[in-house]
Amino acid sequence: MKIVHVASEIFPYLKTGGLADAVGALAGALADAGHEVSVFMPGYRAAVEHPLAGAAERRLQLRVEMGDMFMSGDVRAFSPRQNLTVYFVCREEFFDRRHPYGTPERDYEDNHHRFIFFCKGVVETLRLAELRADIVHAHDWQAALLPLLLRHAEQRHGATLAMKTVFTVHNLAFQGVFPMRSFYRTNLPGELTGIDGLEFYGQLNMMKGGLLFADRVTTVSPRYAAEIQTSEFGCGLDGVVQTRAGDIVGLLNGLDPAIWNPARDAYLPARYTAADLAGKAACRAELLRRHGLDPGFAGPVFGMVCRVTEQKGVDLVLANADFFRTARVRFILLGTGDPRLLAALRELAAGAPDRVAVAVRQDESMSHLVEAGSDFFLMPSKFEPCGLNQMYSQAYGTIPLVSRVGGLADTVTDLDENPSQGTGLMFPPTAEGLRDGLERALRLHAEPARLAAAQARGMKKDFSWTTAAKAYERLYEEAV
Ligand code: ADP
Ligand code: GLC
């Protein structure tokens, strides 16, 4: 099949979170399965400057209708592997910036223009290049206008651009909500400004476009597909999601074994397998040393890598500050995000410099070392559409401590509830819940045989994308 993926981030060109990993790996798995795959993302500065993109083989000039004017842009295309073409939709004014979405303080004020332009640039490229896709698969709000824009362009030009569209929700908490006056930039029919269209409390909601108008809607875990139909997790769109109740499916993300495999991981100072964990001990010592902690420390080491936000339960960690200050443990967090939470984390580290380390930066290499070198990995998320790190943890022989939500509940089995199959510890998404998880982790650490068995089970699990890619293949076939 000809499959087109559209997302605002794709690994390795730009990554702020799991969306990039998921889309990059899914596109690669589908290309490996023999499909003709194209992926589109904005030509952010970091992406255009990426070494793999250096030799962009083809360029296409774009004139994109944006309301009452046309804006120019260009598309750069290259093929990093067989069956895969990467397209960057470029316009300096919009994407040649230091950050993809905004400064650490606030979102860019023209994000509606930037992503309307991006979506329309994709449609225009499909039209000019006569790609004739079987499936156009859009991810999250930045790409959510595509189903509508495609249909509209097809009506206007009398050409089929895509047989069917699929929309995947990676995170319903980010919806792309803007003043309705920016709607005219889409050139879509005026009736779409109503409640059955893109209207959301008087504003323009881009996510709603994907939810209502894609031929198929998916989420990144089965449990999240059910959760977002409730007011607790629906972020105000639960009613809209319910209108798709009959055909929304949750397909679990996988992990890319070419990137996340402790036996081959080039970022690690030592590699290891389930049969021989010596390399993991070396990673652990290196992780502690790199953070100014005693590399010989024998007690439990807790690691965390995340966007520092309330979604990830960083406030729940802070509510348990006394545990990290006083228990015989070490805690290392790598993350960037909310300045208020970061300040509180730095304060925690400053008060217990021999126990707690906080590294505030994006660091792909260190994120691998934290996974490999920790005994326990913390993910006390308030909600989690899928979550990747709990899968990486299991593959790396690190016990995940997760809250019982979304994809976390779908991919981790609690060791106390299911002693013969457990691979992690699960608890409610509250400060007390996390505390209970931490105490249970201490007990587990004191029982090496039980711990080793849980590690071995986790490392044996199959989280590869092959399974997930097959599920998407079936979905595409059914849709077409
Ligand atoms: P989300 O997409 O909600 O942020 P996921 O668990 O799906 O959560 O994916 C997060 C991804 O981003 C993981 O691959 C994680 O290792 C990575 N990540 C998060 N923060 C950092 C950081 N500061 N440095 C490097 N990688 C990070
Ligand atoms: C989102 C979600 C995360 C998911 C990722 C990839 O960023 O927050 O749970 O793993 O998308 O699908």
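Predicted, not measured: the structure shown is a model, and the values here were computed from it. Counting starts at 1 for both ligands and their atoms, in listed order.
More than 12 heavy atoms of other residues, nucleotides or ligands sit less than 6.0 Å from atom CZ of Arg361.
Protein residues with a heavy atom under 4.0 Å from ligand 1 are Lys15, Gly17, Gly18, Asp21, Val305, Cys306, Arg307, Gln311, Lys312, Leu334, Gly335, Arg361, Gln362, Asp363, Glu364, Ser367, Glu384, Gly387, Leu388, Asn389, Tyr392.
In this structure, Phe115 and Tyr101 have tilted ring planes: the angle between them lies in the 30° to 60° band. Using a 30° and 60° split on the angle between ring planes, Tyr87 and Phe40 fall in the parallel class, below 30°. Ring geometry, Tyr476 versus Tyr472: the interplanar angle falls from 30° to 60°, so the pair is classed tilted.
Residue, atom and distance of the protein heavy atom nearest to atom 3 (C) of ligand 2 are Glu384 OE2, 3.4 Å. Looking from atom 2 (C) of ligand 2 to the surrounding protein, the closest heavy atom is His170 O, 3.1 Å.
For ligand 2, the polar-atom distance check against Ala22 finds no nitrogen or oxygen pair separated by under 3.5 Å.
Under the ring pair (Phe, Tyr, Trp, His ring centres under 6.0 Å) test applied with Phe88, the options Phe118, Tyr44, Phe94, Phe78 reduce to a single match, Phe78. Here the options are Asp140, Thr218, Asn253, Thr219, the test is side-chain hydrogen bond (donor to acceptor under 3.5 Å, both in side chains), and the partner is Thr168; only Thr218 passes.
Looking at Gly407, Ala25, Gly387 and measuring to atom 4 (C) of ligand 2, the nearest heavy atom belongs to Gly387.
Residue Asp354 comes nearest to Arg330 through the heavy atom pair O-NE, 3.1 Å, listed as atom of the first residue, atom of the second, then distance. Ala349 and Val356 make their closest contact through CB-O, 3.7 Å (heavy atoms, listed as atom of the first residue, atom of the second, distance). Between Leu369 and Cys283, the closest heavy-atom pair is CD1-O, 3.7 Å.
Residue Asn253 has at least one heavy-atom neighbour below 4.0 Å for each of these atoms of ligand 2: 6 (C), 10 (O), 12 (O). Of all atoms in ligand 2, numbered sequentially from 1 with element shown, those under 4.0 Å from a heavy atom of Pro385 are 2 (C), 8 (O), 9 (O). Applying the 4.0 Å criterion to heavy atoms of Gln311 picks out, from ligand 2, the atoms 8 (O). Near Val220, meaning under 4.0 Å from any of its heavy atoms, are these atoms of ligand 2: 12 (O).
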Which is it for Tyr392 and His368 under the side chain to side chain contact (heavy atoms under 4.5 Å, CB included) test, yes or no, and what are the steps along the way? CA-CA 9 Å; Tyr392 302 157; His368 286 239; over 6 Å; no
